[in-house]
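Comments concern the structure below.
Residue numbers begin at 1 in each chain, while the letters A, B, ... track the order of the sequences.
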Number of protein chains: 2
Amino acid sequence: MKKEEARAKGLFGKCPYVTAQQLLKGKWAILIMHELSLGTKRFKELQRNIDITQATLTTQLRYMEEEGLVHREVYPEVPPRVEYSLTPIGEEFLPVLKSIENWGNKYIDFIKQGSYGHA
Amino acid sequence: MKKEEARAKGLFGKCPYVTAQQLLKGKWAILIMHELSLGTKRFKELQRNIDITQATLTTQLRYMEEEGLVHREVYPEVPPRVEYSLTPIGEEFLPVLKSIENWGNKYIDFIKQGSYGHA
DNA sequence: CGGCATCCTGTGTGATACTG
DNA sequence: CAGTATCACACAGGATGCCG
C-alpha cells in the first residue's frame with residue numbers, strides 16, 4: 001500500500017464517499033440492495049426481478065456477501081434453495097436507498113419537464 | 001432502442017434506482033458531487049482535492065454537466081478560469097450525499113471492528 | 001435450482017502529449 | 001489554467017456451456 005495512497009482507492013475505509021463508491025460500484029448493487037430491502041429473496045427471484053445474467057448476479061452477490069452487506073442462506077434440499085437477505089450493516093443502508101429513490105424520482109420528473117437541453 | 005428495453009438500462013428515466021445508478025456510475029461522481037456541495041470550485045481545485053487525472057475529470061464533469069447536475073461557468077480571462085457548481089437538481093442530491101456519508105462512516109466502523117471475515 | 005468456468009467484448013479510467 | 005486528443009489497458013459484465 002504505497003502508491004495506492006495517492007489515488008482515491010487508497011481512501012477505502014477512510015473516506016466514507018470512496019468507501020461507499022467502492023461498495024456500490026457494481027452496476028447492479030443498488031438494484032440488488034433494493035430488492036433485498038423488500039425481504040428475503042431466492043436467487044431465481046432476484047434474477048427475474050432485476051433481469052440480470054446468472055453469472056453476473058452470482059458475481060455481484062458474492063462480492064456483496066464478502067463485503068458483509070448480504071447474507072446467504074443455503075438450504076440443502078432437492079431442488080436446491082438459496083436465500084439472500086440483508087445483514088445488519090446492509091439494513092443500515094436503507095436510508096441511503098430511500099434518499100436515492102427520492103432523488104431518482106425527482107430527477108425523472110426533472111428530465112420529463114425537458115428542463116435540460118441534450119437529446 | 002429495442003433490445004435495451006429488456007435490460008435494466010432501458011429503465012433509465014423510469015426506475016429511480018437505475019436512473020441514479022446511471023448518473024453516479026462514474027468512479028468519481030460521488031466525490032465530485034461532494035466537493036461541489038462544499039461550494040463552487042475551479043477545475044484545478046477539483047483536480048487537486050480529488051487527485052484525479054485532467055482527462056478523467058473533464059470527462060466526468062462533461063457528463064455530469066450534460067445530465068444537468070453540474071453548472072459550468074467560463075470566465076474569458078487570461079489565464080482562463082472555469083468554475084463548477086451544482087445546479088438546482090444537483091443540490092437536491094445533497095440529502096443522498098449526507099446519507100451516503102453516514103452509512104459510509106458506519107461501514108468504516110464496521111470493518112474496523114473486524115466484524116466480517118475476509119482478510 | 002443455483003452455481004461455476006470460460007471466453008469475449010465494451011468502456012471506463014489513466015498516462016501522456018499537445019493546444020488556446 | 002483548462003482543456004482536447006490519442007493510446008493503452010484493466011476490468012466489469014454478458015453469453016454460453018457444464019455440474020451438483
Picking from C:dG3, D:dG3, C:dC1, the nucleotide nearest the side-chain atoms of A:Pro79 would be C:dC1
State which residues pass side chain to side chain contact (heavy atoms under 4.5 Å, CB included) with B:Ser37; sequence neighbours excluded, sorted by chain then number.
-> B:His34, B:Leu86, B:Leu94, B:Leu97
Whole-Å distance separating the CD atom of B:Glu45 from the C1' atom of D:dC1 = 12 Å
Ranking B:Gln54 and A:Gln54 by the position along DNA chain D of their nearest nucleotide, the one closer to 5' is B:Gln54
Closest nucleotide of DNA chain D for B:Thr58 versus for B:Arg48: which of these residues is on the 5' side?
-> B:Arg48
Taking every non-hydrogen atom, the tightest pair across A:Thr87 and A:Val70 = CG2-C, 3.5 Å
Overall bend - the helix from C:dC1-D:dG20 to C:dG20-D:dC1, comparing terminal axes fitted on five pairs, nearest 10 degrees = 50°
Residue whose closest nucleotide on DNA chain C lies nearer the 5' end, A:Ala55 versus A:Gln21 | A:Ala55
Using a cut-off of less than 4.0 Å, is there contact between a side-chain N or O of B:Thr53 and OP1 or OP2 of C:dT13?
-> no
Rounding to a whole Å, what distance do you find between A:Ile52:CD1 and D:dG13:P?
-> 8 Å
Tell me which nucleotide among D:dG13, C:dA15, C:dG2 gets nearest to the side chain of A:Arg42.
-> C:dG2
From the candidates C:dG3, C:dG14, D:dT4, the one with an atom nearest any side-chain atom of A:Arg62 is C:dG3
Show the numbers, then the answer: is there a side-chain contact (heavy atoms from CB on, under 4.5 Å) between A:Val82 and A:Tyr84?
-> CA-CA 7 Å; A:Val82 180; A:Tyr84 293 89; 3.7 Å; yes
Closest of C:dT13, D:dG14, D:dG17 to the B:Lys27 side chain is C:dT13
When hydrophobic residues are tied together by side-chain contacts of less than 4.5 Å, even through go-betweens, does A:Ile108 share a cluster with B:Val18?
-> no
Think A:Thr56 has a side-chain N or O under 4.0 angstrom from the OP1 or OP2 of D:dG14?
-> yes
Phosphate-side-chain proximity, A:Tyr84 and C:dG3, N/O vs OP1/OP2 below 4.0 Å | yes
